[in-house]
2 protein chains.
Amino acid sequence: MLDERKMKILSAIIDDYIATAEPIGSRTIARKYHIGISPATIRNEMADLEELGYLSQPHTSAGRIPSNKGYRFYVDFLMPSRKLDDYEQSIIKRLLKKRAKELEELIEEAGKVISKLTSYTAIILGPQLESSRLKHVQIIRLEEKKGLMIIVTNYSTVSHHIIEIPQNLTDSDLQRISNALNSSLAGKALEDITQDVMNSIKDDMIEYDNVLNFLLDLLMENLDDTKENNRVYASGSSKMLEFPEFRDVERARNFLSLMEKHDLIIRALKTSCKPNNITVTIGSENPWSEFQELSIVTTGFFVEDKNLGICGIIGPTRMEYSRVFSILEKVTDYLNKAISSLL
Amino acid sequence: MLDERKMKILSAIIDDYIATAEPIGSRTIARKYHIGISPATIRNEMADLEELGYLSQPHTSAGRIPSNKGYRFYVDFLMPSRKLDDYEQSIIKRLLKKRAKELEELIEEAGKVISKLTSYTAIILGPQLESSRLKHVQIIRLEEKKGLMIIVTNYSTVSHHIIEIPQNLTDSDLQRISNALNSSLAGKALEDITQDVMNSIKDDMIEYDNVLNFLLDLLMENLDDTKENNRVYASGSSKMLEFPEFRDVERARNFLSLMEKHDLIIRALKTSCKPNNITVTIGSENPWSEFQELSIVTTGFFVEDKNLGICGIIGPTRMEYSRVFSILEKVTDYLNKAISSLL
DNA sequence: TTTTAGCACTCTCGCATAAAGAGTGCTAAA
DNA sequence: TTTAGCACTCTTTATGCGAGAGTGCTAAAA
């Protein structure tokens, strides 16, 4: 563990580097942060901190910048906790006031708020509907052979699928089948609706034997679609180009094309996130090379204590962690409230 | 009008500039394109072309680059028409094979194909549902006071809205109201469903007088929502950073943040597009300053001769117009077919 | 009259050199 | 243990210079 003075110096260096993106020298520390020791002493301490792996030097005669280990120590022990200012408060509060009617809207809105307030890229994953319960399923006829299968969950998400209707079914058949499906499936968690459950329905409705297989298979398929609706809401990626980290076009391009690879993002966020806490993955802590120079901050959002999705922020490792934490915390807090008031 | 030789030279310069992004000198023209005259003569012609406004010079001792007027002339008169190669053909054909079940999917897919093949940003606007016909409307109860209103058009688009259901309505009331709405509204174009039409329904169903107003207002509102579903599908904007035009981060940032301003994009595309032709708006031909350095190529896509939306490409003014035209033409051609086979 | 060769001129780009500035590490004194 | 002093390193910025590319003009050739 570092002693008091080293921590003070490390903290000052990281704060300054986050603010300026320039390597920090001993003189700067002595001048700006009044620790009461001379640059020479600070230099010695800095050499120690470098040897311990918390700092590094871009070249011999430059100042120091934090290493990933340095950021990690900062986030875990040094980072000041921070209150939201009035502006941030008011923007976040509006989230709850918007009174969105559907979950997706709300989630998208939350993403926009996060990217607006932090200037980093907001990523939201979800809603993950495995643990949601089926509220309603209905088949409506549109044409002779074409129908609409509608699946509503208790989280107020609706998904619809255009399906083919077997020839010989009348409207009242469809209604009866819908009713039967509802009475046996409504209230069940999506993840619990397995092939077995489906089979037991078949036994109850032997009258429709010939067509039911077909419809149940369709329903199963559509439920799967609904479940794995792992949508990625990304917002504010163009703002990232304002950071000096992306002054190099090649880097900017890499970042932007990474943002278009939703599978990589989903994997990285899921790996990073422990839903109940706010977690940070700093640079090379992330196992995939695409994220080496980036940090990911994530936390889960919930409904009825079930993890519904992940709120995340992707930015350069030189990130204003303190600000990001405070904002992300508050936004998910409000998002949780907004979601439960939606149901 | 330009004489034969000037056109040859202008054409050579623009072709070369589109390929290399470097100013072209008289020697290059003489060497690469065998027009059979010496650099000195070409120089004279180039000076003329500059005076006429078709070319410009970045600085005194540089080669020439095309002006907007030059590009315009090129697109209107000089541009070679071009056949698609096998690769392009096969990618586009897959569009039709995909057999998407819904219009939105299809449109999104078309956007991806365009951006993949051109490397420019694809923008698709639509579907515009004003002229679509209502195929089905239904209200389903989800809870005591909560229901789902579903609107299906003859273009197979589905939109749903969670609504509040007046207390005193039974399920069979809902069904009866749904039926009544269907029989009086189904088959009508969305744009023809006006307040007057709604009022005449009220007359037919005086029994529900007290709640009907409320539901009809909701329906009206939701129909409006459905109509103005002016979604922007943008795809491939990160690829644009590969072009030397965006080697400057500031420009790249401007471009990317423009791509996030969907209202500006909608306005620009709508202004630019004459649905029945493929149209180009080059640089400052676009009235809004944000697009000064960009060109927009657009064309409409249709269903049953009704304009359903706009397919467009946004790229630097130094765009491979010939390639873009051929691809855009073919994609909308296939898109039109795919849409009509969807119905 | 049109085309071309020749040539002086202009401007950019790359490169080397130099000076300035920032910061370090080491040594020796406080 | 801390600090002042100093030599040293490395980057950044400015400057100058030559090479290269391209032009416009003039005068000769076709």
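Proteins get letters first, then strands, A, B, ... in listed order; numbering begins at 1 in each. For the numbers below, each heavy atom of this structure counts, side chains included, while hydrogens, waters and symmetry mates do not.
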Is B/Thr41 touching bases, backbone alone, or none of the nucleic acid, heavy atoms closer than 4.0 Å? base

Using a cut-off of 4.0 Å on non-hydrogen atoms, how would the nucleic acid contact of A/Ala62 be classed: base, sugar-phosphate, or nothing? sugar-phosphate

In whole angstrom, what separates A/Arg31's CZ from C/dG23's C1'? 12 Å

Whole-Å distance between D/dG22 P and B/Lys32 NZ? 11 Å

Rounded to the Å, how far apart are B/Asn44 CG and D/dG24 C1'? 9 Å

Rounded distance (Å) that lies between atom C1' of C/dG25 and atom CD1 of A/Ile42: 15 Å

To the nearest angstrom, the CG-P distance between A/Leu55 and C/dG23 comes to 15 Å

Does A/Ser38 get its side chain close enough to the base of D/dT3, under 3.5 Å, for a donor-acceptor pair? no

Could you tell me the separation between the NE2 atom of B/His59 and the P atom of C/dT12, rounded to a whole number of Å? 5 Å

For B/Glu45 and A/Glu50, find the nucleotide of DNA chain C closest to each by heavy atoms; which residue's nucleotide sits nearer the 5' end? B/Glu45

State the CD1-CD1 distance between A/Ile114 and A/Ile327, to the nearest 0.5 angstrom. 9.0 Å

Are A/Phe243 and A/Tyr120 near enough that their ring centres are under 6.0 Å apart? yes

Could you check A/Val280, A/Ile314, A/Thr279 and say which one makes a side chain to side chain contact (heavy atoms under 4.5 Å, CB included) with A/Thr298? A/Thr279

Do B/Glu290 and B/Lys261 sit within salt-bridge range, that is, some charged N less than 4.0 Å from a carboxylate O? no

Return the value, rounded to whole Å, for the distance between atom CZ of A/Arg64 and atom P of C/dG23. 12 Å

Between CZ of B/Arg43 and P of D/dA21 the distance, given in whole Å, is 14 Å

